[in-house]
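Written below as structure tokens is the structure these notes are about.
As the structure is a computational prediction, the values presented were derived from the model and not from experiment. Quick note: numbers below take in every heavy atom, side chains included, and nothing from hydrogens, waters or symmetry partners. Letters go in sequence order (proteins before strands), and every chain restarts at 1.
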Protein chains: 2
Amino acid sequence: MSGRPIRDRKTERRQAAIDEILESAWHLAGEEGLAGLSLRAIAGEVGMRPQSLYSYFDSKSAIYDAMYAEGARRFLDGQQDLEFVGDMRTDIETIGRYFVGFCTEDPVRYQLLFQRTIPGFEPSPESFAISVQSLELIGARLISLGIDDPRDLDLFTAIGTGLIDQQISNDPGGDRWTRLLDDAIDMYVAHVTRGSGVGRRTT
Amino acid sequence: MSGRPIRDRKTERRQAAIDEILESAWHLAGEEGLAGLSLRAIAGEVGMRPQSLYSYFDSKSAIYDAMYAEGARRFLDGQQDLEFVGDMRTDIETIGRYFVGFCTEDPVRYQLLFQRTIPGFEPSPESFAISVQSLELIGARLISLGIDDPRDLDLFTAIGTGLIDQQISNDPGGDRWTRLLDDAIDMYVAHVTRGSGVGRRTT
DNA sequence: GTCTATATTTGGATAGAC
DNA sequence: GTCTATCCAAATATAGAC
């Protein structure tokens with residue numbers, strides 16, 4: 001009897017088509033805005049009729065969800081490649097730079113992952129779980145650095161998104177806010193170490 | 001000869017209709033999302049045919065712009081009512097509370113005024129000028145408190161929008177991030193006064 | 001100023017032949 | 001899996017009667 005071949009050429013072609021569709025979706029979202037994305041435009045770019053997209057995705061929402069999952073996965077993967085040294089200032093900066101860099105390098109992806117501005121769309125539980133994992137990793141890292149108050153984790157994410165949000169909204173393509181990251185981290189580290197003995201002056 | 005009456009009833013009726021349209025626009029943007037706003041839905045609420053709206057607004061963009069102007073005006077007016085005492089910690093908190101309160105009490109308004117997520121819309125120069133005025137007022141206030149580095153103004157707005165953004169995106173209706181405002185202000189004030197002599201310990 | 005009528009475009013989605 | 005054909009709905013916008 002003939003066993004199943006190692007490579008499934010049909011599945012590979014299908015996956016390639018899916019990848020192409022998503023690539024086009026990202027591109028067009030960048031051009032027209034995330035909320036302005038349309039199946040017709042995607043189909044036009046990949047050389048299909050709009051209806052043919054339904055062979056790959058059940059709905060427009062499903063495309064948004066696949067984009068969300070892809071973005072969240074990419075963030076998580078990059079995050080796991082970060083190298084930490086155990087020093088608070090250094091490691092906080094590593095996370096902060098990664099976060100800010102990732103978000104500003106693709107504002108549309110930031111909007112999809114971290115804001116709630118697409119009417120009617122919310123990520124599926126499976127896709128959302130990827131994001132939750134990222135946040136948990138950051139939380140665990142902060143704890144390992146001695147930052148164990150959950151409020152300080154929330155403050156950290158707020159500072160990050162604040163710089164990113166202002167950068168994207170008010171100086172797109174520039175660095176008016178991202179260049180403040182160093183200062184912001186100094187400020188944050190000073191805050192979480194206040195009165196802890198570390199770096200405190202003995203009067 | 002008959003002089004012009006003090007009150008122009010026709011103009012008053014027209015203004016009332018405009019107000020009603022905008023009120024409905026805000027309401028529907030809250031229900032369907034800002035990007036999901038439609039002239040049909042507005043017309044339905046105010047008891048008109050969609051086409052009749054064109055007697056009041058040239059386009060859908062013009063409605064967005066009127067909403068923008070109204071929001072910006074409201075922010076500026078409320079801002080001018082704030083009372084300051086000259087103490088940095090107190091006055092920064094006054095501004096911060098106002099900013100966070102204003103934005104979180106109406107997330108759609110925040111999205112329209114402070115983010116850039118509506119494909120194809122940007123405020124007219126006249127409307128935008130109102131926002132600029134608000135930012136200038138905050139900047140002047142910070143300077144009067146001795147915070148004269150423009151970077152520190154940008155850092156301040158970043159912290160504010162960061163708390164607001166996280167609050168709206170990840171805990172809508174709650175206070176998980178807004179309750180961190182006090183801590184955030186402590187952190188910020190400590191940062192801008194670092195090494196300034198004020199509050200510094202003499203070793 | 002509001003309506004009817006209509007133009008025009010665009011969008012998401014389904015049925016069925018090939 | 002892709003196509004043709006279509007549907008249906010919704011959207012913005014204009015012309016002209018009343």
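- Taking the ring-ring contact (aromatic ring centres under 6.0 Å, His included) definition, one finds that F57(A) meets it with nothing, sequence neighbours left out.
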Check residues 154-164 of chain A and write down every donor-acceptor pair under 3.5 Å in which the side-chain atom is one partner and the other belongs to a residue at least two apart or another chain.
from    : atom 1 : to      : atom 2 : distance (Å)
D154(A) : OD1    : R176(B) : NE     : 3.4
D154(A) : OD1    : R176(B) : NH2    : 2.9
D154(A) : OD2    : R176(B) : NE     : 2.8
T157(A) : OG1    : D154(A) : O      : 2.9
T157(A) : OG1    : Q166(B) : NE2    : 2.9
T161(A) : OG1    : T157(A) : O      : 3.0
T161(A) : OG1    : A158(A) : O      : 3.2

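- With a 6.0 Å radius and a threshold of 12 heavy atoms from other residues, nucleotides or ligands, R89(A) has its CZ atom above the threshold.
- Between the C1' atom of dT12(D) and the CZ atom of F121(B) lies a distance of 17 Å, rounded to the nearest Å.
- With sequence neighbours excluded, the residues satisfying salt bridge (Lys or Arg N to Asp or Glu O under 4.0 Å) with D183(B) are R151(A).
- If you measure from atom OH of Y56(A) to atom C1' of dC3(D), you get 12 Å, rounded to the nearest angstrom.
- The distance between atom CD of Q15(B) and atom P of dG1(C), rounded to the nearest whole Å, is 11 Å.
- For the segment residues 19-33 of chain A, the set of residues with a heavy atom within less than 4.0 Å of an atom of DNA chain D is empty.
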Side chains of residues 21-31 of chain B: which donor-acceptor pairs under 3.5 Å do they make with residues two or more places apart or in other chains?
from   : atom 1 : to     : atom 2 : distance (Å)
S24(B) : OG     : E45(B) : OE1    : 2.8
W26(B) : NE1    : E70(B) : OE2    : 3.4
H27(B) : ND1    : E45(B) : OE1    : 3.4
H27(B) : ND1    : E45(B) : OE2    : 2.7

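- Atoms CG (L53(B)) and P (dG1(C)) sit 13 Å apart, rounded to a whole Å.
- For S52(B) and dC3(C), the shortest distance from a side-chain N or O to OP1 or OP2 is below 4.0 Å.
- dG1(C) atom P lies 8 Å from atom CZ of R13(B), rounded to whole Å.
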Quiz prompt | Base-contact (B) and sugar-phosphate-only (S) positions in nucleotides 7-18 of chain C, heavy-atom cut-off under 4.0 Å, - elsewhere | solution = ----BBBB----
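- Around atom CZ of R49(B), no more than 12 heavy atoms belonging to other residues, nucleotides or ligands sit under 6.0 Å away.
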Practice problem: Could you walk me through whether I118(A) and T117(B) pass side-chain contact (heavy atoms from CB on, under 4.5 Å), step by step? | Solution: CA-CA 9 Å; I118(A) 304 301; T117(B) 53; over 6 Å; no
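- If you look at F102(A) and Y110(A), their ring centroids are not closer than 6.0 Å.
- Distance, Y64(B) OH to dT12(D) C1': 12 Å, rounded to whole Å.
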